[in-house]
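Just so you know, ligand 1 is whichever comes first in the structure, and atom 1 is the first atom listed for that ligand. Nothing fancy with the numbering, it's 1 onward along the sequence. Just so we're clear, the structure is a prediction, and the values are computed from it rather than from any experiment.
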Amino acid sequence: MRDLFLGLDCSTQSLTALLTDYNSGKIIYRHSISFDKDLPHYKTQNGVIILGDGQVIHSYPLMWVESLELLFEIMNADDIPINEIKAISGSGQQHGTVYLNSKFERTLKELDLKQSLVTQLESTFPRQTSPIWMDSSTTKQCEEIRKNLGGLKAAIELLGSNIIERFSGPQIRKFFQEKINDYNNTSIIHLVSSFMASILLGKNAPIDHGDGAGMNLMNIRTKLWDDRALEATAPNLKEKLPSLAHPFTIIGKLSPFFVDKFGFNPDTNLIVWSGDNPNSLIGVGLIERGKVAVSLGTSDTYFGYLQELFLDFNGEGHVFVAPTGDYMSLICYKNGSLARERIKERFNINWEQFSEILNKSPPGNNGKIMLPYFFPEIVPQVLKPRVYRFGFDENDIEGNVRGIIEAQFLSMKLHSEWIGEKPKEIYATGGASANKDILQVLANIFNIKVRMFKITDTAALGAAFRAIKSFFDSENKIKSWYEIINNFIDFEKSIVVKPNKKYIELYRDMVDLYKKYEEYILKSGENPEMTRLGFIKKYF
Ligand code: XUL
């Protein structure tokens, strides 16, 4: 019998399984269910449904359940040695909430092998859809909760983050205000992570501290539900929330339904699930100070391991609990790959051509500055999307290609300054991290080296790593995070992109200039046109 561990990732667009073999240090199987393509009857676009004016973005919890059953069917059809899996953990898109009635747990305990999960669970949702992290429709509720907690600074001190539109608390408050009866009929409110874990466990599963920190409901220091935050959010909320657990808790054995239906071992351990960002932290091997990851995907994220708690009193960055039990910082951008694609499509070019143009254009972009809010933005907060260009227009291909990439990384540099631990190295992951020219801009703007990884599916991999760690620890065969990570990730093989020292001063000035433009547009600051002309004179 091998030591196999399964990591799952229920993300915005797909459910992915990674099966890892600890002894060989290899990923022996990967399969991903695409919600749009494999479950077309839900009619999602990129895994979501957009309601109303574009600020309300939901998805279907039943679709996630269906994808889980489909995934195991496919694993069976592919003859995967499911019975050799020792432990399973998972990852969920963060912040999304799932609302369930009192039948939910009863149904889970009495699941019938002859019927699908969807048929049996269908009637357990007082709310058919789940608001997810892309939803930005709760500004009113955020203001109410923030005020109740004593303002921005007090809220951040308590919860590790500002009260944020996509976080669970404001979403729950909105549901309570708009659908009081359905709220009252809700027995338990899960996160995507704890919901999926509950299905596998056969009863309500806890929320781990990592994902719990993204709710605006958990005290960031005590790691307990915070009574003041609960009261400011909705009545009787404590009784509707699962318990909180350490990120390495074994929550029980896999439910007999999955054992009998798919051939899992009855001894398969389930480890508490977490959010995709905490899992990715481990999935890219970040367990020490001085390194951060930049993930370039649907959303671009910048995150790092923190030994101490740092807080962003500007209210844009977040602190979550890391899988190690320490802290992590996170900054999340909505204008990630979708914004890059907008430029690529506008000029009808492919990624190679995009790279060539980026390469040809000078660092500093001849003083052309873009504020790229193609979609509502989280950092800095922009609710009404609009793209601003200074010194060029939308027909300037070089200006736009370099403009979008420089804007994204200038913003990351600027908005990560609150994190007290300064990075000495960046690990780049996600789709666009395969593009060396994009990473060169990142290395130059931060003036540190960027390590390019082949690993994708970092959230699922991080979940598998947590399963490995918890399982071996529970067997008294303690393995360090280093041992586990180095068993799977070959850091030697990664490519390193070094910063070009020639541009240190230019980008230092450009970060300042970019900051002035954000202040000008978003905070009615002074028009920095003169500074921009000075920048052009100095460098071009
Ligand atoms: C993080 C966030 C996103 C989602 C995406 O705060 O909102 O990264 O977790 O899955």
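- For an aromatic pair to be called close, the ring centres must be under 6.0 Å apart, and Phe446 with Phe409 fails this.
- For the side-chain hydrogen bond (donor to acceptor under 3.5 Å, both in side chains) condition, the pairs that include at least one residue of residues 54-63, sequence neighbours left out, are His58-Thr129.
- Phe471 has its ring centre less than 6.0 Å from the ring centre of Phe5.
- Ser168 is linked by a side chain to side chain donor-acceptor pair (under 3.5 Å) to nothing, counting only residues two or more places apart in sequence or in another chain.
- Atom NZ of Lys344 sits in a crowded spot, with more than 12 heavy atoms from other residues, nucleotides or ligands closer than 6.0 Å.
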Atom pairs and distances, ligand 1 N/O vs protein N/O under 3.5 Å:
{"unit_1": "ligand 1", "atom_1": "6 (O)", "unit_2": "His95", "atom_2": "NE2", "d": "2.6"}
{"unit_1": "ligand 1", "atom_1": "6 (O)", "unit_2": "Arg166", "atom_2": "NH2", "d": "2.7"}
{"unit_1": "ligand 1", "atom_1": "7 (O)", "unit_2": "His95", "atom_2": "NE2", "d": "3.3"}
{"unit_1": "ligand 1", "atom_1": "7 (O)", "unit_2": "Arg166", "atom_2": "NE", "d": "2.8"}
{"unit_1": "ligand 1", "atom_1": "8 (O)", "unit_2": "Asn277", "atom_2": "ND2", "d": "3.0"}
{"unit_1": "ligand 1", "atom_1": "9 (O)", "unit_2": "Gln94", "atom_2": "N", "d": "3.1"}
{"unit_1": "ligand 1", "atom_1": "9 (O)", "unit_2": "Asp276", "atom_2": "OD1", "d": "2.8"}
{"unit_1": "ligand 1", "atom_1": "9 (O)", "unit_2": "Asp276", "atom_2": "OD2", "d": "3.3"}
{"unit_1": "ligand 1", "atom_1": "9 (O)", "unit_2": "Asn277", "atom_2": "ND2", "d": "3.3"}
{"unit_1": "ligand 1", "atom_1": "10 (O)", "unit_2": "Asp276", "atom_2": "OD2", "d": "2.3"}

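- Residue pairs meeting the salt bridge (charged side-chain N to carboxylate O under 4.0 Å, His left out) criterion with at least one partner in residues 326-343, sequence neighbours excluded, are Asp300-Arg340.
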